[in-house]
S.K.: 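Please read through the structure below; I'll follow up with questions.
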Amino acid sequence: MPEVAPMLIVCAEQARVEAELVGGRLGCPSCEGVLGPWGHARERVLRGLSGARLLRPRRGRCRGCAGTHVLLPDLCLLRRQDEVGVIGAALAAKVAGEGYRRIASRLGVHADTVRGWLRRFAERAELIRVHFTRCAVALDPEIGPVVPAGSGIADALEAIAVAARAWVLRFGSGDPWPVASRLSGGVLLATRAPAFTWAT
Ligand SMILES: [Zn+2]
């Protein structure tokens, strides 16, 4: 069994997600069906640069397979308490040459937490690079090759940036890291995610 249950990364705008859910415009991650409203998932803490807040994600139930799925806002990554923007800032700082302790104190995150993100990102760098390069090409078939940036993690970061830009060009505005969360199906830094899911 994969450790990651099928779930869906959605827009952080609650009203829009609600409308999509009620209108049957959210596809089921497990089958061809669509999701309808199905209560809320458990409350969780989400830490951002401006502090922590409580988040209670919506849940949907598939009208086809009857499976229930948590609709995680794209500010998050699966099983991470920090906003993807904070995690992304740490990854970018590492690629720019900053050490994990300095990154941690600047972002107000525990040093071990930052070290964990960086280690996981480095372990998955090639998988991430390949996945986001594919995303970029799928979003924009005309896109040129992703230029090697000099190291595994730099190449992975560059691929994320290119894919996020291609997404914005195609679908409109969006911050790069929430877009990256969507394009990874929330499992950017998951432990043993079998594969990324494709979600736009
Ligand atoms: Zn389904």
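Read the numbers this way: they start at 1 and go in the same order the structure lists the ligands and their atoms.
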S.K.: Check whether any side-chain N or O of Asp140 sits under 3.5 Å from a backbone N or O of Ala166 as a donor-acceptor pair, and report yes or no.
M.R.: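 A pair under 3.5 Å: no.
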S.K.: Answer yes when Lys94 and Glu98 have at least one side-chain N-carboxylate O distance shorter than 4.0 Å, and no when they do not.
M.R.: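 Looking at Glu98 together with Lys94, the answer is no, because their closest N to O distance does not fall below 4.0 Å.
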S.K.: Can you count the protein N/O/S atoms lying under 2.8 Å from the Zn ion (ligand 1), leaving waters out?
M.R.: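 Counting protein N, O and S atoms closer than 2.8 Å to the Zn ion (ligand 1) gives 4.
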S.K.: Would you say Ser105 and Arg101 make side-chain contact, with heavy atoms under 4.5 Å?
M.R.: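 No, every pair of side-chain atoms sits at 4.5 Å or beyond.
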S.K.: With a 4.0 Å cut-off on N to O distance, would you call Arg53 and Glu83 a salt bridge?
M.R.: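 Counted as a salt bridge, because a side-chain N and a carboxylate O are separated by less than 4.0 Å.
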S.K.: Checking Arg58 side chain against Gly39 main chain: does a donor-acceptor pair fall under 3.5 Å?
M.R.: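 At least one qualifying donor-acceptor pair exists.
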S.K.: Flag the pair Glu158 and Arg129 as a salt bridge only when some basic side-chain nitrogen lies within less than 4.0 angstrom of an acidic carboxylate oxygen.
M.R.: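 No.
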